[in-house]
Student: 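Dumping the structure here so I can ask a few things about it.
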Amino acid sequence: VMIIKNMFSKPIDRDIKGVIKVGQGDDENVKQELEEYVVTRELQKHFADFFASYKKGITGNTDKMGVWISGFFGSGKSHFLKILSYLLENRIVDGKAAIDYFVEDKKIKDEMVLGDMKLAANTPADVILFNIDSKSGMADTQNNKEAILSVFLKVFNQHLGFYGANPHLADLERTLTEEGKYDQFKQAFLELRGKEWTDSRHQFRFIQDYVCKALVQIDYMSMEAAKNTCESFTTPYNMDINTFAKMVSDYINKKGNNHHVIFLVDEIGQYIGEKTDLMLNLQTVAEDLGTECKGKAWIIVTSQQDIDSITKTRGNDFSKIQGRFDTRLSLSSAN
């Protein structure tokens with residue numbers, strides 16, 4: 001008797017995710033995604049184009065560090081973005097590096113492309129993958145969306161273990177870290193408050209006294225200075241895009257060894273919608289990261305519309321974003 005299920009290489013009663021969501025990152029899901037990812041003829045070309053572009057920032061400098069992935073619902077944009085994130089991070093999943101899932105399964109037909117992919121996998125990188133709508137604090141009010149810069153700053157801080165929701169606090173944590181006092185601060189806060197700092201910082205308004213006392217206890221500042229500092233943390237935070245780009249650039253330089261930082265942003269087209277100010281904001285973020293980081297910082301976005309149809313908005317010059325987002329991959333919904 002021939003049993004149909006035995007004809008398949010994988011158990012056919014396994015759980016298969018119908019919709020791939022950015023943010024589901026546990027190892028079991030990731031392993032399944034890497035094992036089962038099918039590189040169609042169309043995708044062979046996209047991998048080739050992407051890694052050829054990315055290589056330019058590894059072997060030299062480039063200011064064309066933007067990638068725009070477009071395609072309608074169901075074309076596999078988010079899935080492709082996630083797979084790129086695993087490959088760029090060269091994440092170890094179930095004891096095996098992400099790139100090895102591609103090598104062993106012979107997913108990539110062209111050896112040259114595989115060479116570029118291996119080069120990228122072996123280049124150290126901070127990979128920051130997020131859905132911009134769910135990371136933006138004000139997404140509930142359609143007309144009051146956070147500027148692209150604030151979301152980028154938030155996810156960058158979070159990725160480094162600092163507090164994303166309050167950039168003032170993140171700056172304090174960053175400075176303490178740079179001066180080698182962050183662990184002392186956390187210890188002092190724990191002794192004073194009886195709770196871990198990272199579990200308490202979201203209630204900052206109610207624990208300011210403990211923060212001030214902890215800063216004094218570790219000889220970081222006087223009580224008067226600490227109080228002034230804490231008071232300033234409840235005021236609006238002003239950051240310009242150039243300062244952010246310099247922050248990313250400093251981080252990359254400190255890491256050395258050709259380190260890269262990659263922002264992978266899902267559904268940016270939907271987030272920007274008709275808002276030209278958000279598009280201009282993205283343009284300036286890309287512009288300054290390109291200039292400051294010289295191809296070591298990348299922005300890879302997905303959008304239902306291609307970049308041309310978004311940038312042909314009345315009365316604004318989007319030529320700079322066109323120049324930065326030089327790599328454009330259009331996914332069709334065909335099999």
Student: Parallel, tilted or perpendicular: which describes the rings of Tyr251 and His259, with under 30° parallel and over 60° perpendicular?
Tutor: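 Rings of Tyr251 and His259: perpendicular, as their planes differ by over 60°.
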Student: Could you name each residue pair satisfying salt bridge (Lys or Arg N to Asp or Glu O under 4.0 Å) that touches residues 200-211, not counting sequence neighbours?
Tutor: Glu173-Arg201
Student: Of Leu87, Val67, Val113, which meets side-chain contact (heavy atoms from CB on, under 4.5 Å) against Phe50?
Tutor: Val67
Student: Any chance you could pull the hydrophobic cluster mates of Leu190, using side-chain heavy atoms under 4.5 angstrom and chaining through other members?
Tutor: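 When side chains under 4.5 Å apart are linked, Leu190 ends up in no cluster with other residues.
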Student: Please list, chain by chain and in numerical order, all residues satisfying salt bridge (charged side-chain N to carboxylate O under 4.0 Å, His left out) with Asp326, sequence neighbours excluded.
Tutor: none
Student: Going by the side-chain hydrogen bond (donor to acceptor under 3.5 Å, both in side chains) test, which pairs reach into residues 111-122, not counting sequence neighbours?
Tutor: Lys55-Asp116
Student: What I want to check is whether the side chains of Thr123 and Asn258 have a donor and an acceptor closer together than 3.5 Å.
Tutor: no
Student: If the plane angle is over 60° it's perpendicular, under 30° parallel, otherwise tilted; pick one for Phe244 and Phe156.
Tutor: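 Rings of Phe244 and Phe156: perpendicular, over 60°.
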Student: Could you pull out all residues at least two apart from Asp277 that satisfy side-chain hydrogen bond (donor to acceptor under 3.5 Å, both in side chains)?
Tutor: none
Student: Can you pull the side-chain hydrogen bond (donor to acceptor under 3.5 Å, both in side chains) pairs that have at least one residue in residues 58-73, sequence neighbours excluded?
Tutor: Asp63-Arg324
Student: Using the test ring pair (Phe, Tyr, Trp, His ring centres under 6.0 Å), find all partners of His46 that sit at least two apart in sequence or belong to another chain.
Tutor: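 By the ring pair (Phe, Tyr, Trp, His ring centres under 6.0 Å) rule, His46 matches no residue at all.
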Student: Return each pair, listed once, that meets side-chain hydrogen bond (donor to acceptor under 3.5 Å, both in side chains) where at least one residue sits in residues 222-235; pairs must be two or more places apart or across chains.
Tutor: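 As it turns out, there is no side-chain hydrogen bond (donor to acceptor under 3.5 Å, both in side chains) pair with a partner in residues 222-235 once direct neighbours are skipped.
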Student: Would you mind listing the cluster partners of Phe72? Hydrophobic ones only (ILVMFWY), side-chain contacts under 4.5 Å, chaining allowed.
Tutor: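 Reading the cluster by chain and number, Phe72 sits alone, since nothing else belongs.
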Student: Are the aromatic rings of His260 and Tyr54 close, with centres under 6.0 Å apart?
Tutor: yes
Student: Over 60° means perpendicular and under 30° means parallel, so tell me whether Phe152 and Phe263 are parallel, tilted or perpendicular.
Tutor: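 Because their plane-to-plane angle lies in the 30° to 60° range, the rings of Phe152 and Phe263 count as tilted.
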Student: Holding to side-chain contact (heavy atoms from CB on, under 4.5 Å), I want the full list of residues that pass it with Asp250, two or more places apart in sequence or in another chain.
Tutor: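 side-chain contact (heavy atoms from CB on, under 4.5 Å) check on Asp250 returns nothing, list empty.
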Student: Could you list the residues that satisfy side-chain contact (heavy atoms from CB on, under 4.5 Å) with Ala121, not counting sequence neighbours?
Tutor: Asn90, Ile99
Student: So, Gln187 and Glu191: side-chain donor and acceptor under 3.5 Å apart, yes or no?
Tutor: yes
Student: With sequence neighbours excluded, what pairs up with Glu292 under the side-chain contact (heavy atoms from CB on, under 4.5 Å) test?
Tutor: Asn242, Ala245, Lys246, Ser249
